[in-house]
Participant: 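Sharing a structure below in structure tokens format, with a few things to ask.
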Amino acid sequence: MSDDPHTQGNERPVTQPRPSLRRIRIVGTGRGVPEKVLTNDDLSKMVDTSDAWIRERTGIRTRHTVKRGEEAASDLAARAGTAACEAAGISPKEIDAVICSTISADMPLPSCAVYVQRKVGAAPNSAAFDLSAACGGFIYGLAVAEGLLRSGLYRHILLCGVEVLSGYVNWQDRNTCVLFGDGAGAAILRLCTDEEQEAGLGVQSVHLFADGTQAEALMIPGGGSLYPTSEQTLADGKHFIHMNGKVIFTNAVRNLASSCLTALSQHGLTPKDVDLVIAHQANLRIVEAVAQRLDLPMDKFFINIDRYGNTSSASVPIALDEAVRMGKAKPGDRLLFTALGAGLAWGATVVRL
Ligand SMILES: CC(C)(COP(=O)(O)OP(=O)(O)OC[C@H]1O[C@@H](n2cnc3c(N)ncnc32)[C@H](O)[C@@H]1OP(=O)(O)O)[C@@H](O)C(=O)NCCC(=O)NCCS
């Protein structure tokens with residue numbers, strides 16, 4: 001293991017991406033967030049907590065939640081996907097594949113992606129599937145989309161990060177219920193044109209990591225093949241999110257920072273070369289600790305956790321969409337994405353927008 005605290009956690013040797021390979025580019029973004037807002041004061045009426053505690057320990061003020069039974073993950077993702085198509089200037093019919101990163105699909109079967117395909121009006125013969133890498137999922141999705149686009153068989157991919165974790169949170173557990181929010185973010189991806197490739201634009205290289213030895217740090221133990229739903233699993237609360245917050249916190253700070261340095265060093269870059277960091281919005285204190293490790297001021301980080309809470313795999317694409325629409329991320333800017341979540345699974349990528 002490396003002695004350098006900044007690179008610990010990413011010891012797997014990094015292979016060089018082949019420079020001749022065509023990069024992929026994000027050509028449109030969108031988001032879909034439920035209207036209903038849950039404030040810290042609302043939560044303090046449900047569990048023993050307070051607005052002051054939640055703001056100080058997490059940076060969260062409000063989060064959005066779906067109206068249960070009326071809205072599902074695919075509704076939010078379809079809204080994000082439609083907006084992303086509009087921003088990209090393409091018809092949904094031009095989407096060749098829909099990838100949804102989610103751990104809270106509308107239902108266990110079929111995938112969320114097939115509903116998104118239908119709801120955005122993508123061609124019925126396009127590919128559609130879900131990807132499970134929790135909060136790191138959007139970055140995992142970028143790597144998968146990169147491979148599919150480079151195969152030459154797909155021209156436009158709709159990548160969504162979407163979660164409705166309000167359905168998996170124990171609303172009587174103050175350790176977890178204050179943290180999460182519902183939402184979706186989306187991006188349209190395609191290969192760079194000759195000019196864009198020449199100009200160095202696009203996703204530079206995607207770096208993915210996982211650590212299954214920490215699998216129990218954040219889990220929904222029930223409802224799968226180990227503990228299929230039963231009266232007993234429900235009585236035991238196995239259908240809820242279970243989390244060891246301290247383990248996640250420590251690993252997040254170390255691994256987010258180290259994966260950022262891995263992604264940057266691959267291209268001879270340092271944190272100072274980055275225009276804006278879009279880091280997973282799990283806890284403001286995590287982002288602040290990552291900023292310290294990267295020796296960057298907080299104004300280099302896009303922050304919206306105060307309004308959305310932790311939207312898991314939707315967090316990076318929602319933040320990206322807001323940054324783009326607010327003019328904080330402009331064409332040509334060098335962005336750094338990083339996210340970590342259950343698994344643990346995490347990653348980072350440098351993107352020239
Ligand atoms: C969950 C988290 C906010 C807790 O913050 P913390 O500063 O570590 O707080 P602790 O766990 O040390 O808890 C301190 C005390 O606050 C209490 N507490 C926890 N949640 C509380 C809440 N919502 N309101 C009031 N008190 C709360 C705890 O019960 C504990 O009380 P005790 O000392 O009497 O046992 C923090 O660990 C965290 O953000 N972890 C990462 C979580 C995450 O990002 N998960 C998703 C990953 S994608």
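Keep in mind that the numbers below use all heavy atoms, side chains included, and drop hydrogens, waters and symmetry copies. Whatever order the structure lists them in is the order used to number ligands and atoms, beginning at 1.
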Participant: Applying side-chain contact (heavy atoms from CB on, under 4.5 Å), run through V350 and Q266 and close with a yes or a no.
Facilitator: CA-CA 10 Å; V350 178; Q266 183 80 59; over 6 Å; no
Participant: Check ligand 1 against G245 and write out every atom of the ligand that is under 4.0 Å from a heavy-atom position of the residue.
Facilitator: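 Near G245, the atoms of ligand 1 are 37 (O), 40 (N), 41 (C).
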Participant: Pick, from R174, Q281, H280, M243, the option with the minimum heavy-atom distance to atom 42 (C) of ligand 1.
Facilitator: M243
Participant: Looking only at protein heavy atoms, which one is nearest to atom 6 (P) of ligand 1, and how far off is it?
Facilitator: R285 NH2, 3.8 Å
Participant: Would you say T349's side chain and S205's backbone share a donor-acceptor pair under 3.5 angstrom?
Facilitator: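 Judged by distance alone, yes, a pair lies under 3.5 Å.
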Participant: K300 side chain to V274 main-chain N or O, any donor-acceptor pair under 3.5 Å?
Facilitator: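 Yes, because the side chain of K300 sits within donor-acceptor range (under 3.5 Å) of the backbone of V274.
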Participant: Distance under 4.0 Å to a non-hydrogen atom of L218: what atoms of ligand 1 satisfy this?
Facilitator: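 Reading through ligand 1 atom by atom, the close ones are 46 (C), 47 (C).
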Participant: Just need the protein heavy atom nearest to atom 7 (O) of ligand 1, so name the residue and atom and give the distance.
Facilitator: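 The closest heavy atom on the protein side is R57 NH2, 2.6 Å.
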Participant: Number the atoms of ligand 1 from 1 as they appear, then name those within less than 4.0 Å of a heavy atom of C135, with their elements.
Facilitator: 48 (S)
Participant: Flag atom 20 (N) of ligand 1 as yes if some protein heavy-atom distance to it falls below 4.0 Å, otherwise no.
Facilitator: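 For atom 20 (N) of ligand 1 the answer is yes, since some protein heavy atom falls inside 4.0 Å.
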Participant: Checking side-chain polar atoms at under 3.5 Å, does D130 have a donor or acceptor matched by the opposite partner on T102?
Facilitator: no
Participant: With no hydrogens and no angle check, is any side-chain donor or acceptor of D306 less than 3.5 Å from a backbone partner on R61?
Facilitator: no
Participant: Considering L344, V178, N310 one by one, which has a heavy atom nearer to atom 46 (C) of ligand 1 than any of the others?
Facilitator: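 When every heavy atom of L344, V178, N310 is considered, N310 comes closest to atom 46 (C) of ligand 1.
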Participant: If we count only non-hydrogen protein atoms and require a distance under 4.0 Å, does atom 30 (C) of ligand 1 qualify as touching the protein?
Facilitator: no
Participant: Measure from the side-chain N and O atoms of H207 to the backbone N and O of A348, and report whether any donor-acceptor pair falls under 3.5 Å.
Facilitator: no
Participant: With a cut-off of 4.0 Å, which atoms of ligand 1 are near a heavy atom of T58?
Facilitator: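 Answer, ordered by atom number: 3 (C).
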Participant: Take the angle between the ring planes of W346 and F209 and call it parallel below 30°, perpendicular above 60°, tilted in between.
Facilitator: parallel
Participant: Determine, step by step, whether R190 and E94 satisfy the salt bridge (Lys or Arg N to Asp or Glu O under 4.0 Å) criterion, reporting the C-alpha distance in whole Å, the side-chain angles of both residues, the deciding distance to 0.1 Å, and the verdict.
Facilitator: CA-CA 11 Å; R190 61 155 168 75; E94 294 176 75; over 6 Å; no
Participant: Return yes when at least one protein heavy atom is under 4.0 Å from atom 26 (N) of ligand 1, and no when none is.
Facilitator: yes
Participant: Is it the case that ligand 1 has an N or O less than 3.5 angstrom from some N or O of N283?
Facilitator: yes
Participant: Out of all atoms in ligand 1, which are within 4.0 Å of some heavy atom of L340? Include the element for each.
Facilitator: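 Going through ligand 1 atom by atom, the ones under 4.0 Å from L340 are 48 (S).
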Participant: What protein heavy atom sits nearest atom 44 (O) of ligand 1, and how far away is it?
Facilitator: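 Of every protein heavy atom, A282 CB, 3.3 Å lies nearest to atom 44 (O) of ligand 1.
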Participant: Between D333 and A329 (side chain of the first, backbone of the second, donor and acceptor by atom type, cut-off under 3.5 Å), is there such a pair?
Facilitator: no
Participant: Nearest protein heavy atom to atom 14 (C) of ligand 1, by residue and atom, and its distance?
Facilitator: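 Atom 14 (C) of ligand 1 sits closest to the protein heavy atom W53 CZ2, 4.5 Å.
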Participant: Applying a 4.0 Å heavy-atom criterion (strictly less than), which segment of V47 is in contact with ligand 1: side chain, backbone, both, or neither?
Facilitator: neither
Participant: Looking at ligand 1, does T176 have a heavy atom less than 4.0 Å from it?
Facilitator: no
Participant: Under a single-linkage rule joining Ile, Leu, Val, Met, Phe, Trp and Tyr whose side-chain heavy atoms are separated by less than 4.5 Å, which residues share a cluster with L158?
Facilitator: V27, I90, I95, V98, V116, V120, I188
Participant: Look up atom 34 (O) of ligand 1 and tell me if a protein heavy atom lies less than 4.0 Å from it?
Facilitator: no
Participant: To check your reading of the model: name the closest protein heavy atom to atom 47 (C) of ligand 1, its residue, and the distance in Å.
Facilitator: I248 CG2, 3.4 Å
Participant: For atom 11 (O) of ligand 1, what is the nearest protein heavy atom, given as residue, atom name and distance?
Facilitator: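 Ranking protein heavy atoms by distance from atom 11 (O) of ligand 1, first comes K246 NZ, 3.6 Å.
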Participant: Looking only at atom types and distance, does a side-chain atom of R174 sit under 3.5 Å from a main-chain N or O of V47, one as donor and one as acceptor?
Facilitator: no
Participant: Look only at the side chain of S132 and the backbone of I103, and say whether a donor-acceptor pair between them is shorter than 3.5 Å.
Facilitator: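 Judged by distance alone, no pair lies under 3.5 Å.
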Participant: Does the protein put any heavy atom within less than 4.0 Å of atom 2 (C) of ligand 1?
Facilitator: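 Flag for atom 2 (C) of ligand 1 set to false, no protein heavy atom closer than 4.0 Å.
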Participant: My understanding is that only residues two or more places apart in sequence, or in another chain, count here; which of them pass side-chain contact (heavy atoms from CB on, under 4.5 Å) with T250?
Facilitator: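 T250 satisfies side-chain contact (heavy atoms from CB on, under 4.5 Å) with no residue once adjacent residues are dropped.
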Participant: Using modelled atom types and a 3.5 Å cut-off, is there a donor and acceptor pairing between side-chain atoms of R22 and backbone atoms of L149?
Facilitator: no
Participant: Should one rank L43, T49, N40 by closest heavy-atom distance to atom 22 (C) of ligand 1, which comes out on top?
Facilitator: T49
Participant: As an exercise, identify every atom of ligand 1 less than 4.0 angstrom from a heavy atom of F249.
Facilitator: 38 (C), 39 (O), 40 (N), 41 (C)
